[in-house]
Engineer: 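Below is a structure I'd like to ask you about.
When a ligand or atom number is given, it counts from 1 through the structure's own listing order.
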Amino acid sequence: MTERSLVILKPDAVRRGLVGEIIGRIEAKAGWTIVRLEQRILDRSTLEQHYAEHVGKPFYEPLVDFMLSGPVVALVVEGERVIQGIRTLAGPTDPIAAQPGSIRGDFGSIVRENLIHASDSAESAIREEKIFFPGLS
Ligand code: IDP
Ligand code: MG
């Protein structure tokens, strides 16, 4: 099933020069297409919408500060089962628990600074795409 996922390469990925490495893994998957790609500096209100489900949790404020700490790269990727596929490429939230071979497992050691966001469901993908690329539909 062709679908779209909203992906964010977090400020740690940009700072550490891992954008090419991570995008390369996404590009290498057969048939997936990057339909939007932009480096930008986010603002608090965008992050409040994006992370609405986490508002009030103990990690929320440090997460937002981290996401504001430098530019991110936002992408929309389209293709066969891309939502589950990029979550699999990323690995689980905690990079220490993530398998080697996954993006978080290969490059991360801190839960907050886990390099990549990827939509977790079709509903999230639609919601998040509207926040980051409102012109696209
Ligand atoms: P996900 O990115 O794997 O979907 P979520 O639970 O949606 O994980 O959390 C959003 C982001 O918040 C994570 O990617 C991570 O950066 C951060 N985060 C989640 N849980 C914690 C935590 O327990 N401590 C610090 N940061 C966290
Ligand atoms: Mg999530």
Engineer: Please state which part of Val111 comes within less than 4.0 Å of ligand 1, counting heavy atoms only: side chain, backbone, both or neither.
Structural biologist: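 Near ligand 1, Val111 shows its backbone as well as its side chain.
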
Engineer: Out of curiosity, is Arg87 lining ligand 1, as in a heavy atom under 4.0 Å away?
Structural biologist: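 Contact check Arg87 vs ligand 1: positive.
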
Engineer: Which option wins on minimum heavy-atom distance to atom 2 (O) of ligand 1: Lys57, Arg104, Lys10?
Structural biologist: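 Nearest option to atom 2 (O) of ligand 1, by heavy atoms: Arg104.
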
Engineer: How close does the nearest protein non-hydrogen atom get to atom 23 (O) of ligand 1, and which residue and atom is it?
Structural biologist: Phe59 CD2, 4.0 Å

Engineer: Return a yes/no value for Thr93: is any of its N or O atoms, backbone included, closer than 3.5 angstrom to an N or O of ligand 1?
Structural biologist: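 Yes; at least one N/O pair falls below 3.5 Å.
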
Engineer: Once you round to the nearest 0.5 Å, how far does CD1 of Ile103 lie from CG of Leu115?
Structural biologist: 8.0 Å

Engineer: Quick one, Ser5 and Glu128 - any side-chain contact, counting heavy atoms below 4.5 Å?
Structural biologist: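 A side-chain contact is absent here, since even the closest heavy-atom pair is not under 4.5 Å.
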
Engineer: Please check if the side chain of Glu3 supplies one atom and the backbone of Ile83 the other of a donor-acceptor pair under 3.5 Å.
Structural biologist: yes

Engineer: Looking at NE2 of His54 and CZ of Phe59, how far apart are the two atoms once the value is rounded to the nearest 0.5 Å?
Structural biologist: 4.5 Å

Engineer: Touching ligand 1 at all, Asp120? Heavy atoms, strictly under 4.0 Å?
Structural biologist: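 Flag not set, Asp120 not near ligand 1.
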
Engineer: Looking only at protein heavy atoms, identify the closest one to atom 12 (O) of ligand 1 and say how far it is in Å.
Structural biologist: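 That would be Leu63 CD2, 3.3 Å.
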
Engineer: Using a strict threshold of under 4.0 Å (side-chain N to carboxylate O), is an ion pair present between Arg127 and Glu123?
Structural biologist: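 No, Glu123 and Arg127 are not salt-bridged.
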
Engineer: Thinking salt bridges, do Arg112 and Asp94 make one under a 4.0 Å N-O criterion?
Structural biologist: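 Judged by the 4.0 Å cut-off on N to carboxylate O distance, Arg112 and Asp94 do not form a salt bridge.
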
Engineer: Rounded to the nearest 0.5 Å, what separates atom CZ in Arg4 from atom OG1 in Thr33?
Structural biologist: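 Here the interatomic distance stands at 11.0 Å.
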
Engineer: Is there any N or O on Glu53 that sits under 3.5 Å from an N or O of ligand 1?
Structural biologist: no

Engineer: Is it the side chain (CB and beyond), the backbone, both or neither of His54 that lies under 4.0 Å from ligand 1, heavy atoms counted?
Structural biologist: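 Contact part for His54 vs ligand 1: side chain (C-beta onward).
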
Engineer: Atoms of ligand 1 less than 4.0 Å from Asn114 heavy atoms?
Structural biologist: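 Contacts of ligand 1 toward Asn114, numbered from 1: 13 (C), 14 (O), 15 (C), 16 (O).
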
